[in-house]
Amino acid sequence: MSLNRRHFIGASAAVSASLAAPRVLGQGRPRVVVIGGGSGGATAARYIAKDSDGAIDVTLIEPQRTYYTCYFSNLYIGGFQDYDDLGHSYARLASDYGINVVHDTATGVDRDAKTVTTASGETFPYDKLVLSPGIDFVDGAVPGWSLAAQDAMPHAYKGGTQAALLKAQIEAMPEGGLYAMVAPPNPYRCPPGPYERVSMVAHLLTQVNPTAKILIVDPKENFSKQALFEEGWQKHYSGMISRIGPDFGGDIVEVNPAEMTVSIDGVVETVDACNVIPAQKAGRIAEIAGVTDGRWAPVEPTAMRSTMDENVHVLGDASQQGDMPKSGFSANSQAKVAAMAIRGELTGSRVFPARYSNTCWSLIATDDGVKVGANYEPTDEKIASTGSFISQTGEDAALRRQTYEESLGWYAGITADMFG
């Protein structure tokens with residue numbers, strides 16, 4: 001069955017209807033604070049509030065008033081999406097579900113007192129805390145690059161204006177210029193993402209600068225959907241894209257944003273636009289809360305509960321959970337499992353065995369979509385894959401077009417599932 005907005009939301013509604021919790025009587029409602037309003041946090045907040053029927057007091061802390069998805073930002077760069085279409089409001093979470101949406105930055109977590117503090121000085125007590133802060137970058141991961149250099153060499157790997165900045169820099173390249181991407185090491189957000197981006201940059205360049213070149217500098221020996229991307233690049237963008245892996249120095253890279261150069265194992269290349277995607281770690285608030293192992297936040301697999309605090313759940317990219325990739329679909333799936341567990345603990349509602357799923361779609365060229373995905377279940381050690389699928393090389397145009405259209409349905413479905 002092809003996935004579309006109706007199927008995505010309908011499946012979610014069927015599950016949530018069977019899990020609806022009884023209202024808790026009395027004056028004091030249990031309190032859940034959710035930090036981070038993306039695919040994990042917004043979904044968890046909405047499901048806890050909706051399915052508890054007001055029995056749980058839910059606060060969502062997120063600094064941005066409009067959330068721009070990182071997924072589909074590549075399609076914006078390629079010209080397949082408008083920038084404004086990536087932005088989503090929190091208004092319905094407040095008006096329709098009674099969630100206290102606080103547009104502020106969480107700066108502290110006192111796990112003993114069970115409180116969260118924000119940059120404005122407010123304090124929010126909780127019975128359960130959900131952390132879904134996404135990613136931050138590892139300091140010094142790419143020598144010569146830091147957040148201070150992100151305007152000259154954008155990462156464009158968080159939702160927002162960085163994607164618009166990178167697109168503008170690519171469009172401003174001189175005729176026949178060179179765009180370089182420094183790809184990240186494993187593990188990182190959206191494993192196919194850098195290579196879909198290369199595809200979308202190539203598509204853009206064929207329209208505005210067809211003699212330009214693309215250079216991928218990659219510390220990894222291989223990457224997600226590699227055969228599919230390489231087949232597509234040869235078909236649609238022959239001669240435009242080159243990749244240097246670790247066997248030729250792709251893991252020994254230094255950049256100079258002031259001079260717009262990339263050094264690859266000592267060989268210096270002058271570039272006209274450069275996208276640096278550094279190594280990644282859990283968003284800063286997870287580290288502040290003391291639930292990381294130095295880079296990611298370990299969780300137990302049945303409910304995304306922190307292994308360091310039973311009253312804290314960590315979702316999405318920030319978590320270290322096993323086989324699931326760091327993706328928006330994964331975060332949304334994990335959020336529903338965590339929401340069910342939290343609701344069960346706080347209201348006595350029934351909790352069903354955890355099941356997880358993920359699919360990652362990528363667009364290579366017009367109507368040339370591919371995907372990879374899997375289903376997952378918790379084991380004693382981790383969230384483990386129970387079966388997977390992937391597009392195949394040589395697929396016909398009709399199937400690839402169907403796969404792309406399926407991704408559009410998924411995007412409409414997941415954003416409605418997050419924001420109402």
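Every heavy atom of this structure was used, including side-chain atoms; hydrogens, water molecules and symmetry mates were not. Quick caveat: nothing in here was measured; it's all calculated off a predicted structure.
- In this structure, Pro174 and Asn209 approach most closely via the heavy-atom pair O-ND2, 2.8 Å.
- Between Gln150 and His155 the shortest heavy-atom distance is OE1-NE2, 3.1 Å.
- With hydrogens and angles ignored, the 3.5 Å screen pairs a side-chain donor or acceptor of Asp293 with a backbone N or O of Arg295.
- Judged purely by atom type and a 3.5 angstrom limit, Thr386 uses its side chain to pair as donor or acceptor with the backbone of Asn375.
- Sorted by first and then second residue, the ring-ring contact (aromatic ring centres under 6.0 Å, His included) pairs with a member in residues 362-387 form an empty list; sequence neighbours excluded.
- Judged as a side-chain contact (heavy atoms from CB on, under 4.5 Å), and not counting sequence neighbours, the contacts of Ser132 are Leu315.
- Under the side-chain contact (heavy atoms from CB on, under 4.5 Å) criterion, Thr123 pairs with Thr115, Thr117, not counting sequence neighbours.
- Atom NZ of residue Lys371 and atom CG of residue Asn358 lie 12.0 Å apart, to the nearest 0.5 angstrom.
- His313 and Tyr126 have their aromatic ring centers separated by at least 6.0 angstrom.
- In this view, Tyr90 and His103, Phe419 satisfy the ring-ring contact (aromatic ring centres under 6.0 Å, His included) rule, not counting sequence neighbours.
- Using modelled atom types, one finds no donor on one side chain facing an acceptor on the other under 3.5 Å when comparing Tyr157 with Asn275.
- To the nearest 0.5 Å, atom NE2 of residue His236 and atom CD1 of residue Ile241 are 10.5 Å apart.
- Here the shortest heavy-atom pairing between Ala318 and Gly134 reads CB-O, 3.7 Å.
- By the ring-ring contact (aromatic ring centres under 6.0 Å, His included) test, Phe80 is found to be paired with His203, residues two or more places apart in sequence or in another chain being considered.
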Legend entry - side-chain contact (heavy atoms from CB on, under 4.5 Å) assessment of Met181 paired with Ile214: CA-CA 8 Å; Met181 169 190 283; Ile214 294 174; over 6 Å; no
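- Of the listed residues (Arg189, Lys281, Lys326), just one forms a side chain to side chain donor-acceptor pair (under 3.5 Å) with Asp317, and that residue is Arg189.
- Aromatic ring centres of Tyr71 and Phe329 lie farther apart than the 6.0 Å criterion allows.
- Here the shortest heavy-atom pairing between Ser199 and Tyr237 reads O-OH, 3.4 Å.
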Inset, instruction - Kindly indicate, with the supporting measurements, whether the criterion side-chain contact (heavy atoms from CB on, under 4.5 Å) is fulfilled by Lys336 and Thr43. - result: CA-CA 7 Å; Lys336 294 170 189 176; Thr43 303; 4.1 Å; yes
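- With sequence neighbours excluded, no residue satisfies salt bridge (Lys or Arg N to Asp or Glu O under 4.0 Å) with Lys114.
- A salt bridge is defined here as a Lys NZ or Arg NE, NH1 or NH2 lying under 4.0 Å from an Asp or Glu carboxylate O, and Arg46 with Asp96 fails to meet this definition.
- In plain terms, the two heavy atoms of Ser391 and Leu228 that are nearest each other are O-CD1, 3.5 Å.
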Quick one: side chains of residues 166-173, donor-acceptor pairs under 3.5 Å with protein atoms, not counting sequence neighbours, listed by atom name and distance.
from   : atom 1 : to     : atom 2 : distance (Å)
Lys167 : NZ     : Tyr76  : O      : 3.1
Gln169 : NE2    : Asp151 : O      : 2.8

Inset, instruction - Could you walk me through whether Ser349 and Met340 pass the side-chain contact (heavy atoms from CB on, under 4.5 Å) test, one step at a time? - result: CA-CA 8 Å; Ser349 61; Met340 178 176 59; over 6 Å; no
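- Side-chain N or O atoms of Thr359 include none that pairs as donor or acceptor with a backbone N or O of Gly373 at under 3.5 Å.
- Counting heavy atoms from C-beta outward, Val198 and Arg243 have side chains that stay 4.5 Å or more apart.
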Inset, instruction - Could you go through the side-chain contact (heavy atoms from CB on, under 4.5 Å) check for Ile285 and Ile288 one step at a time? - result: CA-CA 5 Å; Ile285 193 64; Ile288 291 172; 4.2 Å; yes
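- Residues Leu363 and Ser407 form no side-chain contact, since every pair of their non-hydrogen atoms from C-beta on lies 4.5 Å or further apart.
- In this view, Asp367 satisfies the salt bridge (Lys or Arg N to Asp or Glu O under 4.0 Å) rule with no residue, not counting sequence neighbours.
- Of the possible polar contacts, none joining the Ser39 side chain to the Asn332 backbone as a donor-acceptor pair under 3.5 Å is found.
- Put simply, the side chain of Thr69 reaches to within 4.5 Å of the side chain of Tyr411, judged on heavy atoms.
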Anything under 3.5 Å between a donor and an acceptor, one on a side chain of residues 139-148, the other on a protein residue two or more places apart or in another chain? List them.
from   : atom 1 : to     : atom 2 : distance (Å)
Trp145 : NE1    : Met153 : O      : 2.8
Ser146 : OG     : Ala148 : N      : 3.3

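- No side-chain N or O of Asp323 forms a donor-acceptor pair with one of Ser385 less than 3.5 Å apart.
- With values rounded to the nearest 0.5 angstrom, Lys128 atom NZ is found 10.5 Å from Ile56 atom CD1.
- Atom CG of residue Leu129 and atom CG of residue Asn311 lie 9.0 Å apart, to the nearest 0.5 angstrom.
- Scanning all heavy atoms of the two residues, the minimum distance from Ser224 to Pro192 falls at OG-CG, 3.5 Å.
- Pro191 is not listed as a side-chain neighbour of Phe223, based on a closest heavy-atom distance of 4.5 Å or more.
- Here the side chains of Arg284 and Pro133 are not in contact, with every heavy-atom distance at 4.5 Å or above.
- Between atom CG of residue Asn186 and atom CG of residue Asn222 there is a gap of 8.0 Å, rounded to the nearest 0.5 Å.
- Every residue meeting the salt bridge (Lys or Arg N to Asp or Glu O under 4.0 Å) condition with Lys158, not counting sequence neighbours, appears here in chain and number order: Asp136.
- The OG1 atom of Thr59 lies 9.5 Å from the CZ atom of Arg31; values are rounded to the nearest 0.5 Å.
- Residues passing the side-chain hydrogen bond (donor to acceptor under 3.5 Å, both in side chains) test with Gln321: none are found, sequence neighbours excluded.
- Looking only at distances, a side-chain donor or acceptor of Lys220 sits under 3.5 Å from a matching main-chain atom of Pro184.
- Partners of Arg305 under the salt bridge (Lys or Arg N to Asp or Glu O under 4.0 Å) rule, at least two apart in sequence or in another chain, are Glu300, Glu345.
- A 4.5 Å side-chain heavy-atom check between Ile264 and Leu215 finds at least one atom pair inside the cut-off.
- Of the possible donor and acceptor atoms, none in the side chain of Thr347 sits under 3.5 Å from a partner among the backbone N and O of Gly344.
- Side-chain contact check for Arg111 versus Val109: some heavy-atom pair is nearer than 4.5 Å.
- Remark: Arg400 engages Asp368 in a salt bridge, criterion side-chain N to carboxylate O under 4.0 Å.
- At a threshold of 4.5 Å between non-hydrogen side-chain atoms, the residues Ile35 and Phe124 do not count as touching.
- In terms of modelled atom types and a separation under 3.5 Å, the side chain of Gln320 and the main chain of Pro298 share no donor-acceptor contact.
- One N or O on the side chain of Ser73 and one on the backbone of Cys70 form a donor-acceptor pair closer than 3.5 Å.
- Between the side chains of Asn256 and Thr261, no donor N or O sits under 3.5 Å from an acceptor N or O.
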